[in-house]
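To start, the structure under review is shown below, and the notes come after it.
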Amino acid sequence: MERELVKLQNLPIDTFTFDEALEYTKKGQVITINPEMIFYASKHPEFANIIKEAELVIPDGIGVQIGLKILGHNVRRIAGIEFGRKILEKYSAENKTCALIGAKPEVIEKAVENLQKEVKNINIVYSHDGYFKDDSEILNNLTARCPDVVLTALGAPKQEEFNYKAKKLLPNTLFIGVGGSFDVWAGVVKRAPKIYQKLGIEWLYRTVKEPKRFRRIFPTLPLFVIKVLKERIIGV
Ligand code: UDP
């Protein structure tokens, strides 16, 4: 299968469906991109470079889907949390090993416990919380255990920077940044009801539940739409 990329704000985005992305993904770095990350990339060229070098960039969230639509591309969003979970299930069914890095110590512990109960045949060879100062010990442990897939939940851009570094050390491993997924899998945070997910307004539910997120979304989201409209009219 060949990648079919489109550009959004000078960044490559894959156009695979969920199932195609699942089949395509074998190793390297998967980035589940959202408008905040695109905004951050416009100010930090080294982060933009990480996105450009990623093996797969999937549009996570309605913002990116709308941005692509403005440019005339019909690409469906792929929720990172669902993609990460499906990858874990697929890899486990194939007797492959996994590692999980991120979230608070009690959260990662509970997420691991739940996954061990819920995902058939899962083999977690390494896990660590996401509040470390020096990543060298974690990178050493990862290289020693050489898992087939590593999920990192450190928030962006931290998880993408970590994955970028780690993929150079483990070229046959798959790395996915999954944001707040471990909190959900640990049962600490609830996902929005299905209707919000369907309408693509999960962000609205999360913002109402956790008002401090408001500052992260506004003004980023409207500014993002304005920038993409400008991209459509006069190019970037
Ligand atoms: N997190 C972490 N280390 C850090 C900062 C955050 O492990 O230094 C974790 C945090 O506990 C949470 C996850 O990163 O589990 C994602 O956080 P957030 O909800 O901000 O990310 P989003 O899903 O919005 O990208």
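Numbering of residues begins at 1 and proceeds along the displayed sequence. Atoms within each ligand, like the ligands themselves, are counted from 1 in listed order.
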Discussion item. Heavy atom to atom 23 (O) of ligand 1, shortest distance: which of G177, G180, A153, P105 holds it?
Written reply: G180
Item to complete: Ignoring hydrogens, just give me the one of G155, G61, G80, A111 whose non-hydrogen atom is nearest atom 17 (O) of ligand 1.
Response: G155
With backbone taken as N, CA, C and O and side chain as the heavy atoms from C-beta onward, which portion of [X] lies under 4.0 Å from ligand 1: side chain, backbone, both, or neither?
| X | result |
| --- | --- |
| A103 | both |
| K158 | side chain |
| R206 | side chain |
| L154 | both |

Worksheet entry | Under 3.5 Å side-chain donor-acceptor pair for N95 and N121 | yes
Practice prompt. Check the side chains of Y164 and E53 for a donor-acceptor pair under 3.5 angstrom, ignoring hydrogens and angles.
Written response: yes
Worksheet item: How are the rings of F132 and H128 set to each other: parallel, tilted or perpendicular (split at 30° and 60°)?
Response: perpendicular
Worksheet item: What is the ring orientation for F47 with Y40, classed by angle as parallel under 30°, tilted 30 to 60°, or perpendicular over 60°?
Response: perpendicular
Worksheet item: Cationic tip of R213 within the cone over W203's six-membered ring, i.e. under 6.0 Å and within 45° of the normal?
Response: no
So is [X] in contact with ligand 1, going by heavy-atom distances below 4.0 Å?
| X | answer |
| --- | --- |
| Q159 | no |
| R213 | yes |
| Y131 | yes |

Practice prompt. Taking atom OH of Y24 as the centre, report whether more than 12 heavy atoms of other residues, nucleotides or ligands fall under 6.0 Å from it.
Written response: yes
Fill in: Atoms of ligand 1 close to D183 [distance to a heavy atom under 4.0 angstrom, numbered from 1]
12 (C), 15 (O)
Discussion item. Only heavy atoms of G102, strictly under 4.0 Å: list the atoms of ligand 1 that pass.
Written reply: 7 (O)
Practice prompt. Would you check if the distance from the ring center of F224 to the ring center of F39 is below 6.0 Å?
Written response: no
Discussion item. Taking the basic N atoms (NZ, or NE/NH1/NH2) and the acidic carboxylate oxygens, is any pair closer than 4.0 Å for E202 and R191?
Written reply: yes
Discussion item. Among all protein heavy atoms in this structure, tell me which lies nearest to atom 13 (C) of ligand 1, with the distance rounded to 0.1 Å.
Written reply: G179 O, 3.4 Å
Worksheet item: Which protein heavy atom lies closest to atom 20 (O) of ligand 1, and at what distance to 0.1 Å?
Response: R216 NH1, 3.0 Å
Discussion item. Below 3.5 Å, N or O to N or O, backbone or side chain included: is there any such pair between G130 and ligand 1?
Written reply: yes
Practice prompt. Group every Ile, Leu, Val, Met, Phe, Trp and Tyr by side-chain heavy-atom contacts under 4.5 Å, then state whether I51 and L71 land in the same group.
Written response: yes
